[in-house]
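Chain letters run A, B, ... following the sequence lines, proteins first, then strands; residues in each count from 1.
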Amino acid sequence: MINVRSLTKRYGSTVAVDGLSFEVRRGQVTGFLGPNGAGKSTTMRMILGLDRPSEGTALIDGTPYGELRNPLRKVGALLDAKAVHGGRRACDHLLCLAQSNGIPASRVTEVLALTGLTAVARRRVGGFSLGMSQRLGIAAALLGDPEILMFDEPVNGLDPEGIMWIRTLMRDLAAEGRAVFVSSHLMSEMAQTADHLVVIGRGRLIADTGVEEFIGRSSQAYVRVRAPRLPELARVLGGTGGTAGPVEVALHGDHLRVTGLGAEAVGETAAGAGLTLHELTPVSPSLEAAYMELTQESTEYAGARA
Amino acid sequence: MTGVLRSEWTKLRSVRSTGWTLLTAVSLMIGFGVLLTAVSKDMGEEVGPADALMFSLSGSPFASLAVASLGVLVISGEYRTGMIRTTLLAVPGRLRMLTAKVAVFTAVAFAVSVVASFAAFLIGQAVLGDEGIALGDPGVLRAVAGSALLITASGVFGLALGTLIRHTPGAIVAAIALIFVLPQMTNMLPGEWGATVRDHFTTNAGDQITLAEVVGGQLGPWAGFGVYCLWIATALAAAAVLLRRRDA
């Protein structure tokens, strides 16, 4: 389990990570979400002992990463797929990592097969495509058969086949009881793979919640209604008492967006008033929309609105 | 630690730059030795024993630079490619990582330098024929082995500078300056303190171990080499402190 407590990283007067606390548990995929520049990579680097926190701690099963003996057997991480010496053969790259952590050389052959790199094992990694580099990075992460896996933006720049492969892999690893911690700036990506979400913006924690709760929390669920006599319908709906909170009715071109009232209630109210409906559609917000809503305030470079 | 040492050995042997720079070092060492001895013999002048030794080992500054470049690359190559982060994920103890790197590199550099130095000496003396000297002559064995030590030490100097500067061109320029250019410029320093600085400056001190006899007023062979090692130890200590302190 990864345990992050009040983790803070300052560069001069800039605060990249600001008092972040969360946990990453076994048996699930924890998505680490935030806009670019939110501090995801910095947080991951601090967890892995590459960057020194200004304050706070990051522990792996109670121990700082730097004090782990043979850390690759505990934590496998892929930070940057291109962070390999291009002049080295894939098998030698993995072999030097294995040797440093007392992992048998036979495991190199295994992870090469697991990631589909057996045929290119003796090729120099400088000539690898991004997809192949990503596979090599994952092979390195899996080398020590670790209980905890961390991936920083693993699908960036991959083709659809590669994306599918990584998604399936992460799901499988979590199903085996491992803790999988994966960062992304794309909500849609996390919607496909994550069980739990840690959302940050400008280095601060915005949400630490299950994916379902995350969607449910959003205020953007509404009912889309089209009818020939829209103004009249709007008046009738506006007059009803909502089941949960106030009812809001907004006119959007040729339809109404009703929040705070279920589709059934809208239909019955309209029928009661003798008004014809042409469309009645409950719209649940996408994870993407929920995410946009939450992080709107915290994007580093928010575009100016005209 | 054995595992980390094996890992660094795998890293060193699995990139092409290692072979090329070491081959360059050996070629420079033997090439300059043969060239200078052949030229001096051709001139028909009498070659004294001190010159016979010096000419055959004349490639050592150039071999030192080649090995120092490899020393730089061993670590700066990791910074350039980002491999350093992968390395530190595997071995988060930074001093342990640096110690292993220095140990493996030193062993390899020394093995190659010994071969290069003895080959340069023996081939040089063969070229000189009757005027050649033997390993058994006073101070000669120490000087030839000393040449190997000097080249190896320069390599470690490069590794220390690479760790400090983390940037290949910058570290190589620093190595050339400290090993080759600045030592010669210290000749221009005036007065007694100038002479002291000159005698103690990096390879001016280190070179003493490659001479059969002490030149008047200079440091002795082992004292001189000791001073050079102090320069390197200082650079290495500074590198270790920064390596521990800096974000990777």
Side-chain angles (χ1 to χ4, degrees), chain A residues 9 11 42 44-54 60 63-73 75-103 105 108 122 124-126 136-137 140-141 143-144 146 150 152, chain B residues 1-22 69-70 72-101 103-105 108 162 166 168 240-248:
Chain A
K9 180 72 181 180
Y11 298 103
T42 309
M44 286 189 146
R45 291 153 56 80
M46 285 194 283
I47 294 172
L48 294 166
L50 293 174
D51 287 6
R52 187 189 290 254
S54 308
I60 311 286
T63 313
Y65 188 90
E67 288 167 27
L68 291 176
R69 201 191 306 187
N70 295 328
L72 297 186
R73 292 172 161 203
V75 184
L78 168 62
L79 292 185
D80 173 5
K82 283 288 179 189
V84 291
H85 197 302
R88 204 167 271 134
R89 297 174 204 280
C91 55
D92 288 329
H93 172 71
L94 294 173
L95 178 63
C96 76
L97 295 177
Q99 287 172 328
S100 66
N101 275 248
I103 298 163
V108 170
R122 297 202 49 78
R124 299 191 191 271
V125 299
L136 181 63
L143 201 55
M150 291 174 60
D152 193 9
Chain B
M1 193 70 193
T2 327
V4 185
L5 289 170
R6 283 173 60 208
S7 165
E8 287 299 336
W9 164 241
T10 302
K11 278 193 208 166
L12 191 60
R13 68 166 176 75
S14 60
V15 290
R16 279 174 290 193
S17 54
T18 305
W20 286 117
T21 41
L22 290 177
S69 304
L70 179 60
V72 166
L73 283 174
V74 159
I75 185 109
S76 71
E78 293 213 16
Y79 278 103
R80 179 177 56 80
T81 57
M83 178 69 192
I84 189 71
R85 291 193 292 276
T86 311
T87 295
L88 290 176
L89 288 184
V91 188
R94 298 188 180 188
L95 292 190
R96 218 157 78 94
M97 185 276 289
L98 184 63
T99 307
K101 254 194 201 320
V104 169
F105 173 75
V108 171
R166 301 195 288 187
T168 309
V241 169
L242 284 181
L243 180 67
R244 269 183 65 108
R245 197 174 290 169
R246 291 195 282 216
D247 288 341

Point to revise | From B/Leu5 atom CG to A/Ser100 atom OG, the distance as rounded to the nearest 0.5 Å | key: 11.0 Å

Exercise for review: Please report the shortest heavy-atom distance between A/Gly86 and B/Thr81, naming the atom on each side.
Suggested key: N-CG2, 4.4 Å

Review point. Is any side-chain heavy atom of B/Glu8 less than 4.5 Å from a side-chain heavy atom of A/Gln99?
Key: no

Review point. Side chain, backbone, both or neither: which part of A/Asp51 has a non-hydrogen atom closer than 4.5 Å to chain B?
Key: both

Practice item. Could you tell me whether a side-chain N or O of B/Ser7 sits under 3.5 Å from a main-chain N or O of A/Ala98, the two making a donor and an acceptor? Key: no

Point to revise | Minimum heavy-atom distance between B/Met83 and A/Arg88, given as atom pair plus value | key: CE-NH1, 4.0 Å

Exercise for review: Return the minimal non-hydrogen interatomic distance between A/Leu97 and B/Ala90, and the atom names on each side.
Suggested key: CD2-CB, 4.0 Å

Review point. Does any non-hydrogen side-chain atom of A/His93 lie less than 4.5 Å from one of B/Lys11?
Key: no

Check your understanding: Does any heavy atom of chain B fall under 4.5 Å from the side chain of A/Asp92, the backbone, both, or neither of them?
Key -> both

Study note, to complete from the structure: Note: vs chain B, highest number of non-hydrogen pairs under 4.5 angstrom among A/Arg124, A/Arg73, A/Glu67 is A/Arg124

Practice item. Identify which of B/Arg80, B/Arg246, B/Arg13, B/Glu78 forms the greatest number of heavy-atom pairs closer than 4.5 Å to chain A. Key: B/Arg13

**Study point:** Gap between atom CG of A/Leu79 and atom OG1 of B/Thr86 - 0.5 Å precision
**Key:** 7.5 Å

Point to revise | Over 12 non-hydrogen atoms of neighbours within 6.0 angstrom of CZ in A/Arg69 | key: no

Review point. Picking from A/Gly102, A/Ala140, A/Cys96, A/Gly49, which has the most non-hydrogen pairs under 4.5 angstrom with chain B?
Key: A/Cys96

**Study point:** Heavy-atom closest contact (A/Pro71 atom, B/Pro92 atom, distance)
**Key:** CG-CD, 3.4 Å

**Study point:** Heavy-atom side-chain contact between B/Arg85 and A/Arg45 under 4.5 Å
**Key:** yes

Check your understanding: Should A/Tyr11 and B/Asp247 count as side-chain neighbours, where that means a heavy-atom distance under 4.5 Å?
Key -> yes

Check your understanding: Going by heavy atoms in the side chains, are B/Leu89 and A/Leu50 under 4.5 Å from each other?
Key -> yes

